[in-house]
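Below is one structure; the comments refer to it alone.
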2 protein chains.
Amino acid sequence: MPAARSKSASPKARNRGAREKLLAAAGELFYKHGVNAVGIDRVIAKAGVAKMSLYHHFDSKDDLVAAWLQEKHAAWMSWLVERVERVPVNNRPRELFAAMDEWFHTPDFKGCAFINAAAEAKDPRSKTFQICTGHTSDLHNAIKGWIAASHPALGADSLALAAQDITMIVAGAITWAWMHGPDGVAERARHSALLVLHEAR
Amino acid sequence: MPAARSKSASPKARNRGAREKLLAAAGELFYKHGVNAVGIDRVIAKAGVAKMSLYHHFDSKDDLVAAWLQEKHAAWMSWLVERVERVPVNNRPRELFAAMDEWFHTPDFKGCAFINAAAEAKDPRSKTFQICTGHTSDLHNAIKGWIAASHPALGADSLALAAQDITMIVAGAITWAWMHGPDGVAERARHSALLVLHEAR
DNA sequence: CAACCACCAGACTGATCGGTCTATTCCCTC
DNA sequence: GAGGGAATAGACCGATCAGTCTGGTGGTTG
């Protein structure tokens with residue numbers, strides 16, 4: 001969750017970093033209000049950046065949206081992976097839901113940016129939509145890795161199915177936590193997921 | 001799923017039904033493209049109705065959106081209830097997922113209109129958002145009723161929790177089916193839900 | 001017949017949309 | 001110190017946004 005603010009993404013670090021400011025502002029606004037509800041002018045105002053700087057770094061609004069989602073995807077996944085994989089392999093499935101619980105209680109939590117963005121995408125073939133489905137696919141793969149490590153006896157098929165089940169449970173929990181509040185949601189999801197996992201063979 | 005086309009909603013049935021045409025057109029467009037991506041002009045063009053007729057029946061676009069969601073909520077719930085409750089009580093939990101599977105494979109399926117609309121709502125206190133959360137709450141209650149009938153030994157607390165678990169699983173399945181395609185998704189969700197149900201006490 | 005009412009077509013408003021263009025300034029590197 | 005690239009402010013474009021207003025049509029009802 002905490003934003004990784006380490007090094008400039010620009011190859012040469014001599015500019016004043018309009019790109020980073022744009023991505024940060026766009027991220028906040030798009031996540032909070034939705035992609036279609038936020039105009040270019042509002043983004044550049046929040047970023048404190050000229051409009052031409054935006055179109056210098058990005059081809060279009062869609063391109064900015066895609067870049068934001070790409071970045072967010074990388075940040076979110078690496079946060080989760082780091083968070084989950086610092087506990088022993090056997091505890092990782094439960095740790096996933098501890099991480100979810102923490103995330104759900106973040107002050108600015110507004111559900112899954114990728115599910116939300118996918119809901120606004122005009123075309124399933126758009127880059128935006130592809131990134132969104134890629135996000136859930138990557139999450140599915142990460143979960144598969146974790147339960148493979150904690151349940152080495154599972155065959156490849158059961159593994160993929162159990163991982164899908166758990167990914168769907170996580171997706172439902174995120175949606176529920178956003179719409180009805182975060183309390184206890186991750187705990188319920190963990191309960192369901194561990195049942196699935198326990199029963200897998 | 002099939003639209004209930006029975007009687008005119010207007011108290012006096014002598015008009016030509018611009019309101020119904022508007023709700024039908026708005027429903028199609030809003031569900032398919034998202035609320036914020038569809039303008040008033042497109043709605044009235046599709047409905048074949050004058051702009052003033054829209055503002056005669058609805059106060060604003062938000063009001064039209066709310067009316068559409070209300071109507072859709074009522075239609076969807078009554079479809080599901082009718083579908084599930086025509087099988088014996090013991091089969092109703094599984095029948096829920098048979099209904100989901102059928103719905104997921106509908107040609108124009110684009111996920112849950114209420115989850116999608118909630119993602120676009122500008123304010124959690126808006127009427128739109130309230131209808132969306134109300135929708136999932138009503139679904140939760142319906143599920144609670146079904147598992148109460150099929151598992152009469154369950155206490156009130158376990159009942160509510162199990163129903164929440166299953167509602168979250170359904171929500172996750174809807175999202176997954178929309179983003180990754182409908183095949184087999186309901187089957188996986190049913191599997192998880194029946195585990196939850198079997199283990200509830 | 002006259003009043004009424006739902007409905008129609010379409011012009012119009014002010015704001016905002018995504019995006020382009022010009023002109024200027026700053027700073028870094030040859 | 002000259003050149004170049006990244007940044008700036010802000011005017012401008014046509015399109016579209018939600019919403020208003022005028023004026024007219026046709027059918028129903030008193």
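A, B, ... follow the sequence lines: proteins, then strands. Residue 1 opens every chain. In what follows, every heavy atom counts, from backbone to side chain, and hydrogens, waters and symmetry copies are set aside.
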Check residues 26-38 of chain B and write down every donor-acceptor pair under 3.5 Å in which the side-chain atom is one partner and the other belongs to a residue at least two apart or another chain.
unit_1, atom_1, unit_2, atom_2, d
B:E28, OE1, B:K46, NZ, 3.1
B:Y31, OH, B:K110, N, 2.7
B:Y31, OH, B:G111, N, 3.4
B:Y31, OH, B:G111, O, 2.7
B:H33, NE2, B:R42, NH2, 3.3
B:N36, ND2, B:E120, OE1, 3.2

Q: Check whether any side-chain nitrogen or oxygen of A:H56 sits under 4.0 Å from OP1 or OP2 of D:dG5, and answer yes or no.
A: no
Q | Over 12 non-hydrogen atoms of neighbours within 6.0 angstrom of CG in B:D123 | A | yes
Q | A:L54 CG to C:dC21 C1', straight-line distance once rounded to whole Å | A | 16 Å
(Q) Just by distance, no angles: are the side chains of A:H57 and A:D63 close enough, under 3.5 Å, to form a donor-acceptor pair? (A) no
Q. Could you state the CE-P distance from A:M52 to D:dA9, rounded to the nearest angstrom?
A. 13 Å
Q | Spacing between B:K61 atom NZ and C:dA15 atom P, to the nearest angstrom | A | 19 Å
Q. Heavy-atom distance under 4.5 Å between the side chains of A:L80 and A:W103, does that happen here?
A. no
Q.
Expressed as a whole number of angstroms, how long is the span from B:L22:CG to C:dC8:C1'?
A. 13 Å
Q. Can a side chain N or O of B:H57 be found less than 4.0 Å away from OP1 or OP2 on C:dC7?
A. yes
Q: Using atom CD of A:E20 as one end and atom C1' of D:dA7 as the other, report the distance to the nearest whole Å.
A: 14 Å
Q. By a strict heavy-atom criterion of less than 4.0 Å, which residues belonging to residues 32-51 of chain B are in contact with DNA chain C?
A. B:G48, B:V49, B:A50
Q. Within a radius of less than 6.0 Å around CZ of A:R125, do more than 12 heavy atoms belonging to other residues, nucleotides or ligands occur?
A. no
Q. Does C:dC8 have OP1 or OP2 sitting under 4.0 Å from an N or O in the side chain of B:S53?
A. yes
(Q) Using whole Å, what does the distance between atom C1' of nucleotide C:dC17 and atom CG of A:D62 come to? (A) 13 Å
Q.
Testing the basics here: between B:Q130 and B:P124, what is the closest heavy-atom pair and its distance to 0.1 Å?
A. NE2-O, 3.6 Å
